[in-house]
**Q** 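Structure in structure tokens, see below.
For reference, positions follow the sequence shown, starting with 1.
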Amino acid sequence: FLQRNKNRMCKIDKNIPIEPIGRITERISKIFFGTLQKRLSNLEISRSFYPLLLIDFKDGELTQQNLADELQIDKVQVVHIIDYLSENGYVTRVQNAKDRREYKLFMTDKGRGNIPMIRKTIDELMGIAFKDIPSEKIEELYETLYMVKRNLLCLKKEIE
């Protein structure tokens with residue numbers, strides 16, 4: 001795509017070529033999550049806000065494997081995330097009596113108590129990110145990004 005369009009310039013800055021999708025989303029992520037981390041620095045966790053929201057949403061119904069599948073990361077990474085959240089008092093895991101390999105994830109009172117602040121801060125940042133952008137364009141952006149994600153999933157095995 002970029003090779004065929006090497007003379008195509010970015011609409012915003014006519015002096016640079018269009019960035020690869022991974023580059024621009026990475027830069028957006030750095031700004032978004034850096035700001036989120038700074039604004040929520042009083043919570044004693046410096047990352048894992050989205051996994052925490054997923055655990056809250058499915059409180060008691062989500063296993064470590066479900067979380068790995070949802071986040072599209074390996075089990076070892078999920079164990080590190082859950083260890084981190086557990087050590088900081090946000091979640092607990094309970095071993096399934098029928099399958100000792102399975103752990104269900106539960107929010108603690110501390111975790112549940114901080115969810116509103118996390119959601120509010122994310123909503124504020126989303127408001128800043130999407131300022132002056134019509135809701136139809138935001139919906140279209142999400143639909144497009146999910147299609148890009150689906151299209152690129154076939155490449156996942158190349159990096160595992």
**Q** Please round to the nearest 0.5 Å and tell me the distance separating atom CG of Leu36 and atom CD1 of Ile118.
**A**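 Answer for the CG-CD1 pair, Leu36 versus Ile118, is 8.0 Å.
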**Q** Applying side chain to side chain donor-acceptor pair (under 3.5 Å) to Asp83 and Ser86, what does each step give before you reach the verdict?
**A** CA-CA 5 Å; Asp83 285 347; Ser86 180; over 6 Å; no
**Q** Within the structure provided, determine whether Leu43 and Phe49 are in side-chain contact (heavy-atom separation under 4.5 Å).
**A** yes
**Q** So, taking the atom named NZ in Lys38 and the one named CG in Leu40, what distance separates them when rounded to the nearest 0.5 Å?
**A** 12.5 Å
**Q** Given Asp109 and Arg112, is the salt bridge (charged side-chain N to carboxylate O under 4.0 Å, His left out) satisfied, shown in steps?
**A** CA-CA 5 Å; Asp109 290 340; Arg112 203 171 292 107; 3.2 Å; yes
**Q** If every non-hydrogen atom of Asn66 is compared with every non-hydrogen atom of Leu62, which pair is closest and at what distance?
**A** CB-CD1, 3.3 Å
**Q** Shared ILVMFWY cluster between Ile128 and Ile133, side chains joined below 4.5 angstrom?
**A**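 Yes; Ile133 is reachable from Ile128 via cluster members.
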**Q** For a side chain to side chain contact (heavy atoms under 4.5 Å, CB included) with Leu105, tell me which candidate from Asp56, Thr63, Ile55 qualifies.
**A**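 Answer to the side chain to side chain contact (heavy atoms under 4.5 Å, CB included) test with Leu105 among Asp56, Thr63, Ile55: Ile55.
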**Q** Does any N or O in the side chain of Asp99 come within less than 3.5 Å of the main-chain N or O of Arg101, such that one atom is a donor and the other an acceptor?
**A**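 Flag set: sc Asp99 to bb Arg101 pair under 3.5 Å.
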**Q** Do Val91 and Phe106 have side chains that get closer than 4.5 Å, going by heavy atoms?
**A** no
**Q** Measuring only between side-chain heavy atoms, which start at C-beta, is Gln64 closer than 4.5 Å to Lys104?
**A** no
**Q** What pairs meet the side chain to side chain donor-acceptor pair (under 3.5 Å) rule with one or both residues in residues 139-154, with sequence neighbours excluded?
**A**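 Applying side chain to side chain donor-acceptor pair (under 3.5 Å) to every pair that reaches into residues 139-154, excluding sequence neighbours, yields nothing.
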**Q** What pairs meet the side chain to side chain donor-acceptor pair (under 3.5 Å) rule with one or both residues in residues 68-77, with sequence neighbours excluded?
**A**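 Of all non-adjacent pairs touching residues 68-77, those that pass side chain to side chain donor-acceptor pair (under 3.5 Å) are Gln65-Asp69.
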**Q** Is Glu26 paired with Lys30 through a side-chain N to carboxylate O contact shorter than 4.0 Å?
**A**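 Looking at Glu26 together with Lys30, the answer is no, because their closest N to O distance does not fall below 4.0 Å.
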**Q** Same cluster or not: are Ile45 and Leu53 linked, directly or through other Ile, Leu, Val, Met, Phe, Trp or Tyr residues, by side-chain heavy atoms under 4.5 angstrom apart?
**A**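 Result: yes, single cluster for both.
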**Q** Looking at Leu85, Asn114, Thr92, Leu52, which hits side chain to side chain contact (heavy atoms under 4.5 Å, CB included) with Met107?
**A**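 The passing option is Leu52.
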**Q** Using side-chain heavy atoms (C-beta onward) and a distance below 4.5 Å, is Leu141 in contact with Ile138?
**A** no
**Q** Can you name the closest pair of heavy atoms from Ser48 and Tyr84 and give their distance?
**A** OG-CD2, 4.4 Å
**Q** Say whether Ile81 and Phe57 are linked into one hydrophobic cluster, either directly or through other cluster members, by side-chain heavy-atom distances under 4.5 angstrom.
**A**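 No, it is not one cluster - the side chains of Ile81 and Phe57 are not joined through contacts under 4.5 Å.
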**Q** Using a 3.5 Å distance criterion without hydrogens, assess whether the side chain of Lys120 forms a donor-acceptor pair with backbone atoms of Ile115.
**A** no
**Q** Does Phe130 have more than 12 heavy atoms from other residues, nucleotides or ligands lying within 6.0 Å of its CZ?
**A**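 More than 12 heavy atoms, drawn from other residues, nucleotides or ligands, come within 6.0 Å of this atom.
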**Q** Report whether Leu145 and Tyr50 are members of the same hydrophobic cluster (ILVMFWY, side-chain heavy atoms less than 4.5 Å apart, transitive linking).
**A** yes
**Q** Do the side chains of Tyr103 and Asn96 get nearer than 4.5 Å, heavy atoms only?
**A** no
**Q** Do Val76 and Val79 have side chains that approach each other closer than 4.5 Å (heavy atoms only, starting at C-beta)?
**A** no
**Q** Are Thr35 and Thr121 side-chain neighbours, meaning at least one heavy-atom pair lies under 4.5 Å?
**A** no
